[in-house]
Amino acid sequence: MTPLPEPSTTAAPPRPASRPGFVRREWLPIILFVLLALLPFAAMLGPEKYTLSLVTRVMIFALAAISLDLILGYGALVSFGHAAFLGIGGYAVGILAAHGFQDAALQVPVALLASGLFALLTGAISLRTKGVYFIMITLAFGQMAFFFAISLSAYGGDDGLTLASRSKLFGLSWLENDRFFYALVLALLIGCYALTRAIVASRFGRVIRGAKENPVRMEAVGFSPFRYQLAVYVISGMICGLAGVLLANQAEFVAPAYMAWQRSGELIVMVILGGLGSLHGAIIGAAAFLLLEEILSGYTEHWKLIFGPFLVLVVLFARGGLLGILAKVRGKSGGGR
Amino acid sequence: MTLSLFLVQTLNGLQFGILLFFIAAGLTLVFGVMDFINLAHGVQYMIGAYLAAMFTALTGNFFFGLMLALPSALLFGLLLEFLIFRHLYARDHLDQVLATFGIIIFLNQAVKVVWGAAPLSVPVPEILSGTVVLMDGLLYPVYRLALIGSGLAIALILYILVSYTRIGMLVRAGATNAPMVSALGVDISRLFMVVFGFGAMLAGFAGAMVAPILSVEPGMGDNLLILTFVVIVIGGIGSIRGAFIAALLVGLVDTLGRIFGPFLLRLIMDPSAASQTGRALAPMLIYILMAAVLFFRPAGLFPVRK
């Protein structure tokens with residue numbers, strides 16, 4: 001078991017860097033967010049619309065990956081059906097919009113409520129099982145949601161549902177502006193990152209992490225892991241549902257494919273690729289996954305021939321994902337993973 | 001809704017279940033004995049189908065094609081084991097998921113490059129191409145009957161292998177406690193390789209056998225892989241007997257659900273809506289089945305005692 005890194009929010013004020021020029025690990029998320037905030041200005045120099053839409057998509061998946069990392073990295077709860085929440089968030093937007101309710105002020109609460117309820121129901125059943133069986137039962141619920149979405153023939157069935165426009169924000173169509181949408185997604189990403197950071201650092205989060213290391217001991221000291229795990233599962237599902245709302249708005253389209261098991265697998269891959277249990281690793285993983293896909297597919301239609309072996313090599317030679325490589329490059333032995 | 005339709009669909013369900021069993025048998029052993037999550041098991045099925053298609057086209061005879069495809073699928077599985085998988089046995093499950101996911105992505109694309117993106121078809125061998133009359137007004141293709149027959153034969157052979165031979169005993173012991181088997185002086189890495197190669201060949205055999213009745217295309221193993229995981233989880237990981245029963249159960253529930261689901265829904269909905277909703281909802285049945293099984297028996301129907 002690798003020791004979990006101290007979360008940055010509880011860390012003492014940054015110690016003076018012992019080796020100037022070396023980036024301290026705690027700064028990484030801040031650098032990431034600053035870069036993301038500066039990007040729209042750089043994007044004005046090039047194909048702005050393309051860049052903004054690509055990076056917006058990256059941030060939305062980063063949000064979903066963070067929600068998964070919260071339960072996967074800190075609670076060892078491998079949810080193989082997490083894409084269901086993307087779909088639930090997306091369909092909340094799509095279905096409400098189809099009935100004329102286009103305002104995010106209604107759509108977002110409905111999406112959060114629906115994903116929270118789904119997480120509560122499925123989590124209460126799934127958390128009875130452990131390990132591989134948990135993986136498979138979450139997959140089962142994900143697949144049920146997938147096939148249920150296909151059966152919604154009134155809302156496009158297999159083909160999905162095209163949105164007439166992006167959601168309104170209190171009656172205003174600000175989301176149609178790509179720059180505004182970018183800023184909103186970034187703000188939500190930072191907000192959810194801070195929220196999950198705080199959760200992980202809190203007493204609640206310590207119970208979750210304790211239950212991951214040794215559930216029996218947690219019970220011996222008087223905590224019932226089940227309730228805590230269920231609560232964090234619901235929180236994770238709601239954050240992922242929010243990502244689904246954003247994804248539907250970004251693509252202006254929802255389809256059952258949002259919930260396919262491959263999508264759930266991709267989310268897991270993003271989290272592991274970036275580096276498990278660090279939250280910003282999930283952002284890096286999502287960015288690496290989607291950008292590599294985008295860049296490689298620009299060069300050759302057979303980009304998967306490169307991407308597949310890349311994943312294998314990361315596993316074989318870079319323990320701890322891309323963050324692990326970063327730590328190695330910095331030559332720090334105490335850098336956590 | 002007639003009796004003959006019910007019988008035909010039951011046979012189809014059995015045949016699908018047997019197909020699932022071929023793949024699940026290898027997967028459950030690899031999982032149970034080596035504690036290794038191999039998502040790439042589905043692509044081994046796909047490779048088997050492609051190899052059969054290629055060798056059948058080359059030799060002009062399905063049986064020669066099958067004879068050549070089987071050892072090739074075995075070799076291919078062993079090659080993957082040697083190059084990648086054996087470095088992953090000691091890793092945690094998530095590393096295995098990531099690496100084997102990478103292999104799926106690679107191989108699904110690689111078959112497109114080698115054999116083209118268009119689906120290949122394999123003609124049903126002449127000798128098995130007819131239909132037989134099972135009862136009045138009930139015709140059934142000989143090939144599908146042969147598939148069911150070969151499946152039952154292989155299940156029997158596997159049962160004897162696992163229950164009554166030395167290697168089978170080691171496999172069962174390995175599924176219960178691999179480190180202890182190793183401590184008793186058994187070359188566990190060779191045992192792993194045997195189990196792995198055998199599993200790969202069985203998956204390849206399944207692919208080769210369905211090549212004449214399904215189209216051979218990239219990604220054909222992906223959805224089947226998930227169903228296979230459902231099967232081994234319902235059956236209990238590491239249990240061949242559990243895999244066999246669960247495979248037939250899943251095959252029957254899935255096939256019959258697709259046919260009778262819409263029929264039952266028609267009682268409460270108008271016919272066109274019922275058939276569409278029923279078709280879409282039927283695939284949910286097996287996942288509901290799995291969730292229910294895990295709810296009442298969290299380690300599957302036939303848990304291997306640890």
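In what follows, every chain begins at residue 1, and chains take the letters A, B, ... in the order their sequences are listed. Any value given below was found using the heavy atoms of this structure, including those in side chains, with hydrogens, waters and symmetry copies removed.
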Is chain A contacted by the side chain of [X], its backbone, both, or neither, given a heavy-atom distance below 4.5 Å?
X	value
B:Ala299	both
B:Ile286	neither
B:Asn108	neither

[atom2] on [Y] to [atom1] on [X], rounded to 0.5 Å:
X	Y	atom1	atom2	value
A:Gln262	B:Asn223	CD	CG	6.0 Å
A:Met136	B:Ile37	CE	CD1	8.5 Å
A:Ile272	B:Phe101	CD1	CZ	10.0 Å
B:Ile105	A:Leu311	CD1	CG	5.0 Å
B:Arg297	A:Tyr133	CZ	OH	10.5 Å

Would you mind checking which part of [X] comes under 4.5 Å of any heavy atom in chain B, side chain (CB onward), backbone (N, CA, C, O), both or neither?
X	result
A:Val269	both
A:Leu72	side chain
A:Phe310	neither
A:Val132	side chain
A:Ile268	side chain

TODO: Pick whichever of A:Ile150, A:Ile137, A:Thr129 has the most heavy-atom pairs under 4.5 Å with chain B.
DONE: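 Between A:Ile150, A:Ile137, A:Thr129, the count favours A:Ile137.
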
Open item on the list: If we define contacts as heavy-atom pairs under 4.5 Å, which of A:Phe146, A:Phe307, A:Phe147 has the most with chain B?
Closed with: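 If we count pairs closer than 4.5 Å to chain B, A:Phe147 comes out on top.
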
TODO: Identify which of B:Ile226, B:Val293, B:Val233 forms the greatest number of heavy-atom pairs closer than 4.5 Å to chain A.
DONE: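 Of the candidates given, the most pairs with chain A belong to B:Ile226.
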
- [ ] Please report the shortest heavy-atom distance between B:Met284 and A:Phe148, naming the atom on each side.
- [x]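 What the structure gives for the nearest pair is SD-N, 3.9 Å.
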
- [ ] In sequence, state the C-alpha distance, the side-chain angles, and the governing distance for A:Trp261 and B:Asp222, and then conclude on side-chain contact (heavy atoms from CB on, under 4.5 Å).
- [x] CA-CA 10 Å; A:Trp261 70 266; B:Asp222 291 3; 3.9 Å; yes

Open item on the list: Applying a heavy-atom distance below 4.5 Å, give me the residues of residues 287-303 of chain A that approach chain B, sorted by number.
Closed with: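 At a heavy-atom separation under 4.5 Å, chain B is reached by A:Glu301, A:His302.
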
Task: Residue of the set B:Leu94, B:Leu98, B:Ile84, B:Val97 for which side chain to side chain contact (heavy atoms under 4.5 Å, CB included) holds with A:Val315 - done: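 Answer to the side chain to side chain contact (heavy atoms under 4.5 Å, CB included) test with A:Val315 among B:Leu94, B:Leu98, B:Ile84, B:Val97: B:Leu98.
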
Open item on the list: Treating B:Arg91 as the side-chain partner and A:Leu316 as the backbone partner, does any N or O pair qualify as donor plus acceptor under 3.5 Å?
Closed with: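 Confirmed, B:Arg91 side chain pairs with A:Leu316 backbone.
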
